[in-house]
2 protein chains.
Amino acid sequence: MHLYCFNMTLSEEDYIKSIYHLSEFNSKSVATNAIAEQMKTKPSSVTDMVKKLSEKSLVNYKKYQGVSLSEKGRLVALSIIRKHRLWEVFLVDKLNFSWDEVHVVAEQLEHIKSDALIDKLDAHLGYPKVDPHGDPIPNKDGVFTKSIKKLISELPVGSQGVCVGVNDSSAAFLKFLDKNKIALGDTFKILEREDFDGSVTISTRAGSINISKQIATNLFLEIVDEE
Amino acid sequence: MHLYCFNMTLSEEDYIKSIYHLSEFNSKSVATNAIAEQMKTKPSSVTDMVKKLSEKSLVNYKKYQGVSLSEKGRLVALSIIRKHRLWEVFLVDKLNFSWDEVHVVAEQLEHIKSDALIDKLDAHLGYPKVDPHGDPIPNKDGVFTKSIKKLISELPVGSQGVCVGVNDSSAAFLKFLDKNKIALGDTFKILEREDFDGSVTISTRAGSINISKQIATNLFLEIVDEE
DNA sequence: ATTTAATTTTAGACAAACCTAAATAATTGT
DNA sequence: ACAATTATTTAGGTTTGTCTAAAATTAAAT
């Protein structure tokens with residue numbers, strides 16, 4: 001038996017992905033309203049769809065009790081996320097897109113149905129482990145190493161890690177990073193944090209620089225060593 | 001004003017493409033039944049859709065008189081075909097798909113909406129002029145050099161050309177070509193044709209070989225020089 | 001030139017995915 | 001504990017793209 005079904009509509013896939021992301025951290029059940037907000041639809045539409053997904057055993061659902069993904073649903077979600085992130089790597093590594101442009105296009109590409117395509121794309125990209133934002137790419141069976149990606153503002157002094165992503169992906173912010181010689185893949189160490197303004201001094205290849213709290217809350221590090 | 005509209009549904013795009021292909025050679029108007037057969041739907045569904053496309057000025061349509069693409073519709077068709085063929089090149093050149101596998105996947109990829117994506121893909125592939133089947137790739141403005149691709153069986157003795165495609169793309173046929181050292185991109189010259197069985201002698205890099213009429217009716221050459 | 005056959009269109013229905021408005025259940029505040 | 005608020009569901013309607021069956025038009029055949 002195949003792990004996930006191919007006969008899913010675009011809309012069904014989007015709902016599954018949405019539910020996955022909403023329950024990614026607080027692994028409780030997800031509220032109808034929360035899904036409606038994320039999907040930019042109305043709660044009544046969500047109820048309709050959730051019933052449908054429940055009949056397909058993709059979610060666990062009891063009236064008024066919220067929704068959670070079944071194991072089957074979780075695997076579907078992970079296969080979509082795998083595709084999304086592989087396409088993002090492709091767009092950045094091969095087509096020279098910048099971080100902030102890839103999401104919208106990947107949202108479309110993630111729905112392409114072809115196992116062979118994804119296998120070959122994966123090989124072509126050299127079996128990447130993370131996407132351009134530093135998020136882990138699940139393997140074929142939905143297995144992935146949980147990211148220990150954290151915002152600089154949330155890390156203690158002494159932490160060291162590889163810059164793997166941004167929170168704010170506006171053109172302005174990316175331009176700022178460029179000007180300050182901060183790039184994806186660089187290794188940083190957090191040297192000092194000022195209590196009064198939350199600014200942080202970090203060491204980079206180009207020496208040490210001080211970044212504002214606002215910047216610190218928008219840069220993700222993948223932790224290598226935490227003192 | 002943009003040359004083609006982005007707010008088209010998947011189904012609308014498929015109909016436009018279908019009408020384009022049906023009127024590609026006999027440039028008359030296309031019959032409702034013909035579209036229905038190609039699209040694997042019923043004639044009544046075609047009538048509905050054709051009315052809709054007519055209101056959007058994508059086709060010329062008068063009751064009981066058949067359909068033809070408007071200039072606008074033709075440009076939409078060519079932009080879809082451009083995408084389809086670029087993706088086919090990508091699948092073969094970069095992901096190592098074989099000729100016969102790419103069509104189905106490209107049918108999905110051709111609907112991805114992003115100008116930037118197609119521009120960058122085009123550049124990444126080195127601005128190819130033809131797809132893996134030897135069919136020409138229209139440029140951004142829908143301009144393309146009409147292919148002078150012909151079956152070996154239809155060419156006179158003395159013709160010379162580059163092998164650009166196959167008619168029958170079965171695994172068995174592709175295997176046969178492989179065994180006889182015939183590959184896409186090879187230059188052939190037609191040396192002789194036997195009247196009694198239609199078999200043809202062609203010169204290849206590896207010397208001259210005789211191919212049966214059946215093979216000759218399944219191999220396309222892009223003509224370089226015709227005596 | 002009619003009749004027959006084939007093609008095309010209309011009319012009415014259906015499923016998917018959405019909507020609004022009203023009803024019901026759960027939660028919160030006092 | 002119970003009224004008020006918020007969250008969720010139901011009921012009924014819309015649009016898109018499909019269908020079947022019947023009616024209308026065109027083409028073919030004798």
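Proteins get letters first, then strands, A, B, ... in listed order; numbering begins at 1 in each. Only heavy atoms go into these numbers, but all of them, side chains included; no hydrogens, no water, no symmetry mates.
Closest approach to the Asn33(A) side chain among dA7(D), dT9(D), dC18(C) is made by dA7(D) (side chain taken as heavy atoms from C-beta onward). The nucleotide whose nearest atom lies closest to any side-chain atom of Asp48(B) is, among dT9(C), dC19(D), dC19(C), dC19(D).
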Review item, nucleotides 20-25 of chain D N/O atoms under 3.5 Å of protein N/O:
from	atom 1	to	atom 2	distance (Å)
dT20(D)	O4	Ser44(B)	OG	2.9

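Applying the 4.0 Å criterion to OP1 and OP2 of dT10(C), one finds that Lys51(B) has a side-chain N or O inside that range. Checking the phosphate oxygens (OP1, OP2) of dT8(C), no side-chain nitrogen or oxygen of Tyr61(B) falls inside 4.0 Å.
Partners of Asp48(B) by side-chain contact (heavy atoms from CB on, under 4.5 Å), not counting sequence neighbours: none found. Taking Asp195(A) as the reference, nothing meets the side-chain contact (heavy atoms from CB on, under 4.5 Å) condition, with sequence neighbours excluded. Under the side-chain contact (heavy atoms from CB on, under 4.5 Å) criterion, Leu10(B) pairs with Asp14(B), His111(B), sequence neighbours left out.
Here the P atom of nucleotide dC19(D) and the NZ atom of Lys40(B) are 13 Å apart, to the nearest Å. Atoms CG (Asn7(B)) and C1' (dT15(D)) sit 16 Å apart, rounded to a whole Å. For the pair Leu10(A) CG and dC18(C) P, the computed distance is 10 Å after rounding to whole Å. dT9(D) atom C1' lies 14 Å from atom CD1 of Ile35(A), rounded to whole Å.
With Tyr61(A) as the aromatic partner, Lys51(A) does not meet the cation-pi criteria of under 6.0 angstrom to the ring centre and within 45 degrees of the ring axis.
The 5' end of DNA chain C is approached more closely, in terms of each residue's nearest nucleotide, by Lys62(B) than by the other of Thr41(A) and Lys62(B).
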Can you give the donor-acceptor pairs under 3.5 Å from side chains of residues 121-128 of chain A to other protein atoms, not counting sequence neighbours?
from	atom 1	to	atom 2	distance (Å)
Asp122(A)	OD2	Arg82(A)	NH2	3.2

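Residue pairs meeting the salt bridge (charged side-chain N to carboxylate O under 4.0 Å, His left out) criterion with at least one partner in residues 15-31 of chain A, sequence neighbours excluded, are Lys17(A)-Glu107(A), Lys17(A)-Glu110(A).
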